[in-house]
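Below is one structure; the comments refer to it alone.
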4 protein chains.
Amino acid sequence: MKAVRVHEYHRDPQIDDIAQPKLSGPLDVIVKVGGAGVCRTDLHILEGQWAEAMAPELPYVIGHENAGWVHEVGDGVTNVAPGDTVILHPQPSCGLCQACRAGNDMHCSGGFFPGLSNNDGGMAEYMRTTARACVKLDPTTQPAEVAALADAGITAYHAVRKALPLLYPGTTAVVQGAGGLGHIGIQCLAAMTATRIVVVDRKSEALALAEDLGADETVLADGDHVEAVKDLTGGVGATVVFDFVAEQGAEMDGWNMTAPDGSHYVIGYGGQLSIPTLDVISTERNVVGNIVGTYNDLAELMVLAQAGKVTLHTQQYPLDQAVDALHDLDAGKVRGRAILVPEGA
Amino acid sequence: MKAVRVHEYHRDPQIDDIAQPKLSGPLDVIVKVGGAGVCRTDLHILEGQWAEAMAPELPYVIGHENAGWVHEVGDGVTNVAPGDTVILHPQPSCGLCQACRAGNDMHCSGGFFPGLSNNDGGMAEYMRTTARACVKLDPTTQPAEVAALADAGITAYHAVRKALPLLYPGTTAVVQGAGGLGHIGIQCLAAMTATRIVVVDRKSEALALAEDLGADETVLADGDHVEAVKDLTGGVGATVVFDFVAEQGAEMDGWNMTAPDGSHYVIGYGGQLSIPTLDVISTERNVVGNIVGTYNDLAELMVLAQAGKVTLHTQQYPLDQAVDALHDLDAGKVRGRAILVPEGA
Amino acid sequence: MKAVRVHEYHRDPQIDDIAQPKLSGPLDVIVKVGGAGVCRTDLHILEGQWAEAMAPELPYVIGHENAGWVHEVGDGVTNVAPGDTVILHPQPSCGLCQACRAGNDMHCSGGFFPGLSNNDGGMAEYMRTTARACVKLDPTTQPAEVAALADAGITAYHAVRKALPLLYPGTTAVVQGAGGLGHIGIQCLAAMTATRIVVVDRKSEALALAEDLGADETVLADGDHVEAVKDLTGGVGATVVFDFVAEQGAEMDGWNMTAPDGSHYVIGYGGQLSIPTLDVISTERNVVGNIVGTYNDLAELMVLAQAGKVTLHTQQYPLDQAVDALHDLDAGKVRGRAILVPEGA
Amino acid sequence: MKAVRVHEYHRDPQIDDIAQPKLSGPLDVIVKVGGAGVCRTDLHILEGQWAEAMAPELPYVIGHENAGWVHEVGDGVTNVAPGDTVILHPQPSCGLCQACRAGNDMHCSGGFFPGLSNNDGGMAEYMRTTARACVKLDPTTQPAEVAALADAGITAYHAVRKALPLLYPGTTAVVQGAGGLGHIGIQCLAAMTATRIVVVDRKSEALALAEDLGADETVLADGDHVEAVKDLTGGVGATVVFDFVAEQGAEMDGWNMTAPDGSHYVIGYGGQLSIPTLDVISTERNVVGNIVGTYNDLAELMVLAQAGKVTLHTQQYPLDQAVDALHDLDAGKVRGRAILVPEGA
């Protein structure tokens with residue numbers, strides 16, 4: 001089969017012809033890939049940024065945002081069967097540790113991350129995952145249309161879901177960064193809360209899109225945006241700031257826009273928070289970390305998607321053109337999310 | 001091997017010599033039983049009360065409160081290995097449904113209950129369960145000493161754990177019924193809250209034991225006990241009533257002892273609640289159902305047990321004397337919990 | 001001033017000319033009434049149903065759903081000033097007891113309920129309340145248009161708000177009874193959740209309105225409705241049933257429509273629940289009581305109203321025609337909520 | 001009456017003879033002081049650290065940890081009467097803003113802080129506060145013995161109370177700093193949870209006291225303490241770190257001791273957190289701010305104190321010797337908490 005493999009860091013990946021993956025354990029599932037999202041993390045992998053943390057053996061297949069159809073299952077698999085349409089949680093989990101047993105599977109002590117850690121990912125015709133990663137979909141779903149919800153989607157959803165108890169009517173939520181994740185976050189907020197949604201972004205086109213998706217107010221990130229958010233909130237700031245940027249100064253803007261008794265939800269990364277503990281305690285503000293969502297987060301997000309409450313802009317490329325898709329992403333030429341589609345999918 | 005099997009309802013079970021259970025799936029675990037608790041539910045099974053609901057094929061092995069040592073594991077089992085000391089959650093769960101994925105495994109859509117539903121239980125030398133039912137214990141633990149926590153214990157723990165957010169200092173919790181479950185409930189409350197614990201029971205010996213275990217006040221259930229609880233609580237009743245009886249009128253006493261804005265936690269069963277909806281809304285009281293606890297409940301309870309914060313009174317019988325143990329339980333002659341111990345365990 | 005007073009039970013009230021209320025304590029507020037809702041509870045008062053429980057001295061002014069303008073304030077009042085447009089929480093609270101200090105002011109140990117307990121209500125030109133009952137509104141608000149949110153509105157809102165953590169995407173909420181309270185409940189659910197909303201009512205017109213307000217499915221209460229709800233939910237029932245009827249058998253329908261691990265929220269009243277404790281524990285279902293909402297519930301609901309997310313159908317009557325309004329309500333002739341409007345308001 | 005007043009920063013305060021405070025509003029309460037705690041914040045006031053933030057007019061009376069007896073009340077006060085024994089919440093609140101109405105009175109938009117902001121505090125024979133600051137105590141309570149719970153106590157209690165849902169059996173809580181606040185925090189944890197309590201401090205005497213108060217493990221802060229906490233927790237760190245120090249590097253130690261999915265509760269202050277957002281998201285850790293507790297926190301803490309579950313070490317000084325007490329505190333010579341007691345109290 002064809003697969004997009006990293007052979008060396010700081011070089012384009014190659015389209016190789018390799019053997020199809022095989023079942024290796026009773027809970028394994030082989031999936032025929034219908035769509036694989038192209039993510040900034042893939043660019044970072046190619047730059048070697050994850051080499052040390054994840055230490056995958058090269059060459060390996062990248063792609064961690066996948067959906068498709070079940071092809072073959074191990075003899076312990078009871079939740080899906082060949083032919084089922086599925087979207088794949090990016091991190092298969094063990095199902096047996098304390099975290100898994102608490103519904104907190106992102107903190108599984110035995111999880112792995114195909115396409116990032118040392119396991120082949122989904123930029124290929126087939127991939128291997130496990131039963132616990134498979135969310136069964138309505139059979140009419142086109143995998144390529146939803147694949148990007150598997151990683152970008154649940155990360156945004158997870159943060160919003162955690163914050164719901166804070167966002168009752170009369171509160172204000174700021175979404176900082178209305179890009180790939182942020183525009184899903186805005187839709188999740190609009191679908192699940194009656195909070196006032198204020199979107200902050202550097203680009204006016206992104207703000208225009210944000211308004212279409214449910215933003216109540218938009219603020220151009222032009223240097224006066226912290227002050228602008230304060231002005232919109234009676235001088236106090238937002239109840240929750242969803243910081244989908246968290247780099248290049250946005251991380252401190254996020255903290256500074258957060259009201260007393262409020263919370264700064266960090267979702268993006270790259271920057272550094274520098275906060276006097278006196279500020280933390282005198283205002284009783286929180287910094288809340290957010291990782292990729294859980295399996296149930298993905299299942300719930302698919303309910304929103306199938307009800308039309310969350311929609312994605314995608315731009316499809318044949319699997320063969322993976323390198324073009326990566327270059328386009330790097331050059332800022334992709335509108336929405338780039339999705340690789342294997343021939344015949 | 002020897003096993004205690006029900007052949008006919010309304011008759012004593014028999015000690016049979018049957019084949020050892022074998023692995024039948026990749027997640028199966030065969031456990032050498034070290035102790036099997038004898039529960040009132042076993043008496044109810046023999047009386048045929050569960051015949052319709054569970055419809056097991058006769059003959060079958062009863063026993064749903066089990067601990068022992070892992071004997072053999074399927075090829076998908078990663079959390080335990082032969083030789084490990086384990087206590088068994090009574091309901092193996094699928095690990096794949098929405099409830100399991102939310103940490104709510106008692107509501108698993110594919111769970112079963114060996115010794116109650118159509119699967120052999122633990123009153124035998126060996127039993128079959130699955131990886132998801134095994135809680136690994138410190139190797140020095142004696143299975144016979146903890147087995148009763150597997151069902152009675154987690155039922156009490158689960159109810160107390162759910163109520164924790166309600167039981168801050170200044171509140172009052174009533175424990176109605178200081179028997180097998182109730183005396184574990186009292187210890188859980190004393191270990192995990194600073195609420196005032198008021199214990200209501202018909203027997204003064206039970207109340208004396210309750211005081212040793214952490215009760216702040218005791219009330220004899222002599223017909224004036226609802227009034228007595230009101231007197232102890234400034235006329236309003238308890239924040240939470242843990243009703244371990246819920247039959248023979250106790251169920252309405254439990255409701256009537258509950259304060260406005262309070263909750264009546266039903267754990268026992270047999271009686272019938274009859275409540276005007278006007279009373280429900282004008283006082284904003286709740287009735288809260290409580291089933292057996294989750295896997296993590298069992299794991300947490302074992303932490304309390306191993307720290308000496310929850311202790312059990314047990315009376316051990318050789319497995320051969322299962323019928324005597326059942327008769328003693330029925331006759332009210334068992335102090336604490338009767339535990340069957342196979343020879344050589 | 002003119003006021004609608006009950007002189008005798010089982011007789012129409014009279015329009016009397018009485019003295020304007022005066023400030024009697026430092027936290028008192030005199031409000032010029034702009035609109036007073038007419039509620040079924042007013043009919044019940046006239047029938048003497050509340051005579052024993054509330055024991056008001058006759059004659060007294062009824063009306064417990066009020067909005068208007070601040071006329072005069074006591075010297076301890078700091079949150080409103082003469083001229084402010086306000087909606088009034090129906091139960092002034094002390095602000096000093098444990099419940100008030102926890103934001104749970106409906107359980108205030110010193111609260112009272114003007115128009116129901118021994119205090120004059122709002123079917124008059126002026127009424128006396130306290131600072132803690134006043135929610136300040138945008139000055140452009142017409143009191144007569146929002147008055148009904150003060151009691152019916154917050155009762156529905158309060159129940160929905162409490163249930164929010166249960167109603168994530170993929171769940172089902174049943175609204176039983178799409179009348180005065182229910183149609184507000186539907187709007188609150190649509191504004192604050194992405195749950196599937198199923199509305200059950202005896203009248204097809206009510207179901208048609210429900211669809212306009214956000215119902216995803218409607219079920220005619222024709223005797224097969226419990227089964228119909230089961231069919232819509234894969235045989236299990238609803239995650240939460242909001243029972244705005246809770247009489248004439250609806251209370252048991254509500255319970256029977258509730259899924260395992262689900263909750264039956266009782267808001268209406270009149271009927272009697274009869275539930276075996278075995279059903280409570282074997283399914284782990286809950287019955288949840290719901291009283292009128294808190295002050296903050298009212299403030300939050302006004303945010304939804306001012307954003308157009310909750311709207312009310314009202315039918316206005318001059319204060320003089322209070323008796324006609326009560327008769328119309330009794331005869332089922334009022335569409336939406338009847339509101340009394342004093343002359344010049 | 002005698003009062004301890006700050007006339008100039010960077011100088012000792014003076015014992016002045018000034019007029020007794022008078023009632024100025026209907027909710028005011030004049031309290032005869034029975035004990036006033038001496039806090040490090042008083043030293044910081046004298047050093048001018050709060051001059052800008054609080055801008056009190058000099059001279060003014062300091063002292064913000066007070067208990068005593070009600071002397072006189074305004075005509076709107078209903079919760080206390082002359083003669084009542086009371087402990088005073090340090091921040092009188094308005095009772096009318098959204099935060100007060102939610103039980104979140106520390107975030108009152110109209111609160112003030114006598115002895116810190118521009119209002120005379122409690123190092124005097126009498127002080128003025130309001131009804132909403134008074135917690136009524138058992139009349140046998142000695143105010144001087146409990147005064148320190150009014151500020152130090154509720155700050156520790158508040159943080160622990162917020163963290164309770166995280167601290168189930170099997171978790172680990174680290175208390176960093178077993179001084180004035182920390183030793184109350186340890187007692188609160190032991191009274192309300194079954195978590196494992198690990199105490200970290202620079203002084204071995206403090207660790208010995210911690211063991212008496214309920215610590216399960218102690219760790220000397222000798223430079224290897226982050227590693228030692230990791231070793232005690234299977235390499236992952238603590239579920240919750242209560243950081244009562246948060247300066248001189250302890251703030252980063254606290255963060256570094258926190259497990260993935262865990263929370264760093266900041267209570268002390270002085271240092272600066274510097275945290276890459278990548279660390280925040282990849283581990284999903286939180287930083288949680290903690291301010292002084294609420295009124296209900298104080299009431300609940302008094303329940304623990306009156307049950308003997310939280311005890312304080314105090315060292316009493318006559319009010320006249322306030323300057324000695326301050327000097328002793330500064331010199332590290334006070335064991336437990338220094339309390340000023342007016343003559344005749």
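Labels below follow one simple rule: chain letters A, B, ... track the order of the sequence lines, proteins then strands, and each chain is numbered from 1. This is a predicted model, so every value here is computed, not measured.
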Requested in this report: Would you mind checking which part of Ala131(A) comes under 4.5 Å of any heavy atom in chain B, side chain (CB onward), backbone (N, CA, C, O), both or neither?
Outcome: both

**Report entry** Salt bridge flag under 4.0 Å for residues Arg161(B) and Glu300(B)
**Finding:** yes

Query raised in the report: What residue among Asn79(B), Val70(B), Asn66(B) forms side chain to side chain contact (heavy atoms under 4.5 Å, CB included) with Val86(B)?
Result: Val70(B)

Requested in this report: Verify side chain to side chain donor-acceptor pair (under 3.5 Å) between Thr141(A) and Thr85(A), making sure each step is shown before the conclusion.
Outcome: CA-CA 7 Å; Thr141(A) 312; Thr85(A) 306; over 6 Å; no

Query - Pairing of Lys22(A) and Glu72(A) as salt bridge, 4.0 angstrom limit - result: no

Query raised in the report: What part of Thr294(A) lies closer than 4.5 angstrom to a heavy atom of chain B: side chain, backbone, both or neither?
Result: neither

Query - When Gln98(B), Arg101(B), Arg132(B) are compared by non-hydrogen pairs under 4.5 Å with chain A, the top option - result: Arg101(B)

Query raised in the report: With only heavy atoms counted, which part of Asn296(B) is less than 4.5 Å from chain A, the side chain, the backbone, both or neither?
Result: side chain

